[in-house]
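Here is how names work: the chains are called A, B, and so on, in the same order as the sequence lines, proteins then strands, and each is numbered from 1. Only heavy atoms go into these numbers, but all of them, side chains included; no hydrogens, no water, no symmetry mates. Since the structure is predicted, the reported quantities are computational estimates derived from the model, not experimental observations.
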There are 2 protein chains.
Amino acid sequence: MREHQETKKEILNLAEGLLRDRGFNGFSYKHISSALDVKNAAVHYHYPTKSDLGVAIIQRARRGFQKWTQNSKMQNLDFPKKLDEFFGIYRYFLKCGQHVCLGGALETDFKTLPIEMQQETRALASDILNWLQELLKKGREAGSFSFPGNPRDQAIVVLSSLQGALQMVRATDPSYLNAAMKQIERMLKT
Amino acid sequence: MREHQETKKEILNLAEGLLRDRGFNGFSYKHISSALDVKNAAVHYHYPTKSDLGVAIIQRARRGFQKWTQNSKMQNLDFPKKLDEFFGIYRYFLKCGQHVCLGGALETDFKTLPIEMQQETRALASDILNWLQELLKKGREAGSFSFPGNPRDQAIVVLSSLQGALQMVRATDPSYLNAAMKQIERMLKT
DNA sequence: GTCTATACGCTGATAGAC
DNA sequence: GTCTATCAGCGTATAGAC
């Protein structure tokens, strides 16, 4: 018997990995319960429905991203270093075992998701895009970045490319994520 | 009673749409059979296993892409116009009802796919990436495009961005696909 | 909190009649 | 080619004992 909070957190950790690895329709309560060596019903005790579980994954990720952006270590970095720290998130997913990012998994499965999950997915995408847009805007104003057009459009390209590259890796080569990041850096060079 | 080839083609058309709309694990034989007003077993007659169906979808798409690139109308266009024609594929998917592209759907579900489908997915990604790389390479040599680094890296960014943007649209705004394409064009401007 | 037991629709798939 | 009938297994989910 574990403690409540411990099992609950383990479920969430595992489920998030499964979601990034296999998509929301590609994992089941059985995957979780057998991996944690508990029964199906124990998982349902902590997260009654799969939608509850999905929502919890996304909300935690949003809180984590918020905390990450406000982290004091982050605040002291210059703009290109901040961008590279952001790239680090995607490098981590690759290292995890070629996981895709949460946004990519959720948006691809979007039409099959319960509406509560759809709403959280929208909020997650908005959080990340807004932060990236601000980074690019201020970075260009400070002379650290150079790009044509407006920061929003550039943020869309950068984010969508990272998301897409992380998926593409699976059908091509792991080096393609790094290739995309290097090329993005080149394109933003002053 | 329809003719053999007609039903078989209708199944393939419908299944491809469902795959782009809901992912490979998000549709079933029932979706297809009820939409075509036939029975489950009739679909299995044409495509015995779901893997057979999936492989057929990808192989047809590969043939279609090959034909598209060799189309005489395409051959006469200049490089920026060729790129815009390529963008048109993604605009079409958006118009279809915010479908994602085949590569994006398959790569996200990749780990759950039967190996025959994984192989075809790799081949599809390779086909498209090679074509795009050649377009960018020759376009730069001809002075139509300008970008730093090598054509392969640039192709990875362009393709992954289109793929990612088409997914992002679902959680944000339809205009984001066009925003991405506009920004890519700006970045490739001489 | 976790268990056993169970419900029940859906899933991909097959056999055999027409 | 399409049908009816049927299958075993898996999916999410619940009730109630410990």
Does B:Thr7 have a side-chain nitrogen or oxygen under 4.0 Å from the phosphate oxygens OP1 or OP2 of D:dT2?
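Indeed, a polar side-chain atom of B:Thr7 lies that close.
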List the atom pairs, donor and acceptor, that lie under 3.5 Å between side-chain atoms in residues 93-102 of chain A and the rest of the protein, sequence neighbours left out.
unit_1  : atom_1 : unit_2  : atom_2 : d
A:His99 : ND1    : A:Arg20 : NE     : 3.3
A:His99 : ND1    : A:Arg20 : NH2    : 3.4

Residue pairs, two or more places apart or on separate chains, that pass ring pair (Phe, Tyr, Trp, His ring centres under 6.0 Å) and touch residues 104-123 of chain B:
none
Please list all pairs passing the ring pair (Phe, Tyr, Trp, His ring centres under 6.0 Å) test where one or both residues lie in residues 51-76 of chain B, with sequence neighbours left out.
B:Phe65-B:Trp68, B:Phe65-B:Trp131, B:Trp68-B:Trp131
Could you state the NZ-P distance from B:Lys39 to D:dT4, rounded to the nearest angstrom?
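Going from B:Lys39 (NZ) to D:dT4 (P), I get 5 Å.
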Spacing between A:His46 atom NE2 and C:dC3 atom P, to the nearest angstrom:
10 Å
Which pairs pass salt bridge (charged side-chain N to carboxylate O under 4.0 Å, His left out) with one or both residues in residues 64-85 of chain A, sequence neighbours excluded?
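For residues 64-85 of chain A, and leaving out neighbouring residues, the salt bridge (charged side-chain N to carboxylate O under 4.0 Å, His left out) pairs sorted by first residue read A:Asp84-A:Arg91.
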Output a table of nitrogen or oxygen pairs between the protein and nucleotides 10-14 of chain D separated by less than 3.5 Å.
unit_1 : atom_1 : unit_2  : atom_2 : d
D:dG11 : OP2    : A:Ser28 : OG     : 3.4
D:dT12 : OP1    : A:Lys50 : NZ     : 3.1
D:dT12 : OP2    : A:Tyr29 : N      : 3.0
D:dA13 : OP2    : A:Lys50 : N      : 2.7
D:dA13 : N7     : A:His44 : NE2    : 3.2
D:dA13 : N6     : A:Asn40 : ND2    : 2.6

Mind listing the side-chain donor-acceptor pairs of residues 47-58 of chain A below 3.5 Å, one per line with the distance, residues two or more places apart or on another chain?
unit_1  : atom_1 : unit_2   : atom_2 : d
A:Thr49 : OG1    : A:Ser51  : N      : 3.4
A:Thr49 : OG1    : A:Asp52  : N      : 3.1
A:Thr49 : OG1    : A:Asp52  : OD2    : 3.1
A:Lys50 : NZ     : A:Phe24  : O      : 2.6
A:Lys50 : NZ     : A:Phe27  : O      : 2.8
A:Ser51 : OG     : A:Glu116 : OE1    : 2.7
A:Asp52 : OD2    : A:Thr49  : N      : 3.1

